[in-house]
Amino acid sequence: MTAGKKMVPTRPAGQGEMTDHTGILAKTWPQRDQSTATTINPPLYKGSTVLFDNYGEMLKVGRHEYQGITYGTDRLPTQRQFEEAMRELEGGAVTRVFQSGIAAIQTALLAFTKSGDHILVCDNAYGPGQRFCQKVLNKYNIDCTLIPPSVGADIAEYIRPNTVLILLESPGSITFEIQDIPAITAIARQRNIITLLDATWATPLYMQPFALGVDVSIHSVTKYICGYSDVLAGTVTVNERYSHTFDSFYKLMEIYTPGEECYLALRGLHSLATRLRQHEQSALTIARWLQTVPVVDNVLHPALPCHPQHHLWQRDFQGSSGLFSFTFHHDYADAELAAFIDSLQLFRLGYSWGGYASLLTAAKVNRTIPSKYDGKTIVRLSIGLENCDDLINDLAQGFTLL
Ligand SMILES: *Cc1c(COP(=O)(O)O)cnc(C)c1O
C-alpha cells in the first residue's frame, strides 16, 4: 500500500465487528445444520442429476414454484457460495460465474445487445473481447466503435442514437491507461446506455465499480482471485437495474462452470488480500527500481506519479496490483530481446498473470487508434510472490546483456 491509500477492507471495523472482507467470507461456511463432517472449506458439489424428494416437488418445477436446485446447470451449492461471496465483495445485485474471463465478457455482451445496436469498446480492452465484438457481434448486425483508452467525458462524441453499451477496462492490462469512469458513467446514465467494466487488474478489493456508477463489473477470476495459474474462471456482477435481464439470460444459456473451479475460486478469495498486498509492494519496488535503469524508458504503472492518469488512479482505486509494463529507449531486434528474456531465471514466459510465479510477455503494440506506444516493444511483468530482491537481481543480470 502506498501512504495515504485505504487498506482493504474499505470499511473500517468497529469494536467487536468484523471487517467487510472477513465477514463476507466467514459467512460462506460452515453451516452447522448439515449432518456431515464440518471441514474448514465447504464441500465440493458435483452432479448432473439433483434429486427431488417426491413427485409433488417435481411438479412444482413446471409451475415455476420450485425453490430448490433442479439440475447440474442450475448452479450447484459450490458455485452459489462463490457467486454470493463475489456479489457481496463487489456490492452488486447478482453475480454469475463462467468457465473463463472471456466467456464472462462474451456472455455479458450478448445479454445486453440485439441486432441493430451500436456499442463502444475501449481500444485497450482485452484483445479477444474486442475480436468477439468485431467478428461475432458484427455477424448479428451489432456495430462496434473503438474508443481511446484514456476516454472521459469526451465519450459523448462517440455516442450514436442506437448506442446501447460501453465496454471499459481500467487500467488496460498492457498499456495501463485509466478511463475517467465516473465521467463516462454519468453521461451513459443520462442516455440509458449500460456500462460494463473489466476490473480484473484491481480485483474486487482495489476498486469498487458500482460506486463509480458502473452497471456491470467483470473479472477474470483466473488471475489474482485464483492465484495459482491453474484455474480458468470469470464473473459478471450486475447492479439491481440490470440484474433481471442478466440472470434470465444466464439461465437461458444453461451455462455450466465446473464445481472444482468454483471451489478453488472461493478458496482463493480467503488469501486474496494478503497475496495482493505482497504483489503490490513488490511490483512498486520493482517499478521504481526500473525507473533508475538506464536502458528503460517509460514505466507504465498507475501508482507511479509519472503515469498519465495517476490522479484518476488515486481518486478511484484503493491500491495497485502486481501487473505493469515498461518500454526501452532503444528499439532492440528480436535476437537482442531474446538474449535478455531467455537469460531470466525467475520471470517465465507465458500468457495470463496474477499467479505466485512471475511472468513476462513482450510484444509490439498494435492499436487501432494511434497511440504513443505504436510500434514500440512493451515488456509486461506479472510480479509474483518470489523474494523481491531476487526478482530485481534476475532482471538486473538480464539488462547487462542488452
Ligand atoms: C485474462 C483476462 C481476461 C480473460 O480471462 P480468461 O479467464 O483468461 O479468459 C479478461 N480481461 C482481462 C483484463 C484479462 O487480463
Side-chain angles (χ1 to χ4, degrees), residues 79 82-83 86 90 95-110 121-134 136 146 149 166-179 181 195-207 209 214 216-237 255-258 260-262 264-266 268-269 272 276 279 283 300-302 313 317 320-325 349-355 357-363 365 367 378-384:
Q79 174 169 346
F82 172 58
E83 287 175 348
M86 278 296 282
E90 295 224 75
T95 297
R96 292 292 176 261
V97 64
F98 295 83
Q99 64 273 34
S100 64
I102 186 62
I105 295 169
Q106 291 169 348
T107 308
L109 288 166
L110 287 171
V121 176
C122 240
D123 198 21
N124 64 349
Y126 186 58
Q130 291 192 30
R131 283 200 287 283
F132 179 78
C133 295
Q134 288 167 331
V136 180
L146 291 170
I166 302 170
L167 174 63
L168 305 166
E169 182 178 318
S170 191
S173 59
I174 295 175
T175 40
F176 298 91
E177 298 93 341
I178 288 178
Q179 293 114 49
I181 306 279
T195 48
L196 282 60
L197 173 67
D198 183 334
T200 301
W201 183 85
T203 83
L205 302 184
Y206 287 170
M207 195 207 311
V214 166
V216 179
S217 167
I218 302 174
H219 287 278
S220 168
V221 171
T222 308
K223 311 291 163 57
Y224 288 112
I225 293 172
C226 284
Y228 288 83
S229 309
D230 56 358
V231 172
L232 281 151
T235 54
V236 174
T237 301
I255 287 161
Y256 174 70
T257 308
E260 288 88 343
E261 314 309 74
C262 299
L264 291 169
L266 182 57
L269 281 180
L272 179 62
L276 262 187
H279 285 294
L300 315 179
H301 188 309
W313 174 78
F317 293 72
S320 58
S321 58
L323 187 79
F324 68 95
S325 298
L349 269 177
Y351 297 118
S352 203
W353 43 279
S358 291
L359 292 173
L360 177 150
T361 59
V365 178
R367 281 281 175 71
I378 297 224
V379 179
R380 189 182 75 173
L381 303 178
S382 173
I383 303 301

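We count ligands from 1, going down the list as the structure has it; atoms in each ligand are counted the same way.
Of the inter-residue distances, the one linking Leu168 atom CG with Ile178 atom CD1 reads 12.5 Å to the nearest 0.5 angstrom. Rounded to the nearest 0.5 Å, atoms CZ (Phe324) and CD1 (Ile378) are 12.5 Å apart.
Here the heavy atom of the protein found nearest to atom 9 (O) of ligand 1 is Ile102 N, 2.9 Å. Looking from atom 8 (O) of ligand 1 to the surrounding protein, the closest heavy atom is Leu232 CD2, 3.7 Å. What sits closest to atom 7 (O) of ligand 1 on the protein, heavy atoms only, is Thr222 OG1, 2.5 Å. Protein heavy atom in closest approach to atom 12 (C) of ligand 1: Asp198 OD2, 3.4 Å. The nearest heavy-atom contact from the protein to atom 5 (O) of ligand 1 is Ser220 OG, 2.9 Å. The closest protein non-hydrogen atom to atom 6 (P) of ligand 1 is Gly101 N, 3.3 Å. Scanning all protein heavy atoms for the shortest distance to atom 15 (O) of ligand 1 gives Lys223 NZ, 2.7 Å.
When ring centroids are compared, Tyr224 and His279 come within the 6.0 Å threshold.
The one candidate from Leu323, Asp198, Thr200, Asn124 that meets the side chain to side chain contact (heavy atoms under 4.5 Å, CB included) condition with Ser173 is Leu323.
For Arg367 and Thr175, the side-chain atoms include at least one donor-acceptor pair closer than 3.5 Å. Side-chain contact annotation: Glu90 with Ser217, donor-acceptor N/O pair under 3.5 Å present.
For the pair Ala233 and ligand 1, a heavy-atom separation below 4.0 Å is found. Within the structure, ligand 1 has Ile105 among the residues with a heavy atom less than 4.0 angstrom away. Heavy atoms of Trp353 approach ligand 1 to within less than 4.0 angstrom.
Between Ser352 and ligand 1, no N or O atom pair is found at a separation short of 3.5 Å. Note: no N/O pair closer than 3.5 Å links Glu169 and ligand 1 by distance alone.
The cationic group of Lys223 does not satisfy the cation-pi geometry with Tyr351, failing either the under 6.0 Å distance to the six-membered ring centre or the 45° limit from the ring axis.
Side-chain atoms of Ser170 come within 3.5 Å of backbone atoms of Gln179 as a donor-acceptor pair (strictly under, hydrogens ignored).
Proximity annotation for atom 4 (C) of ligand 1: of Tyr126, Tyr351, Trp201, Tyr126 comes nearest, heavy atoms only.
With sequence neighbours left out, the side-chain hydrogen bond (donor to acceptor under 3.5 Å, both in side chains) criterion links Ser325 to no other residue.
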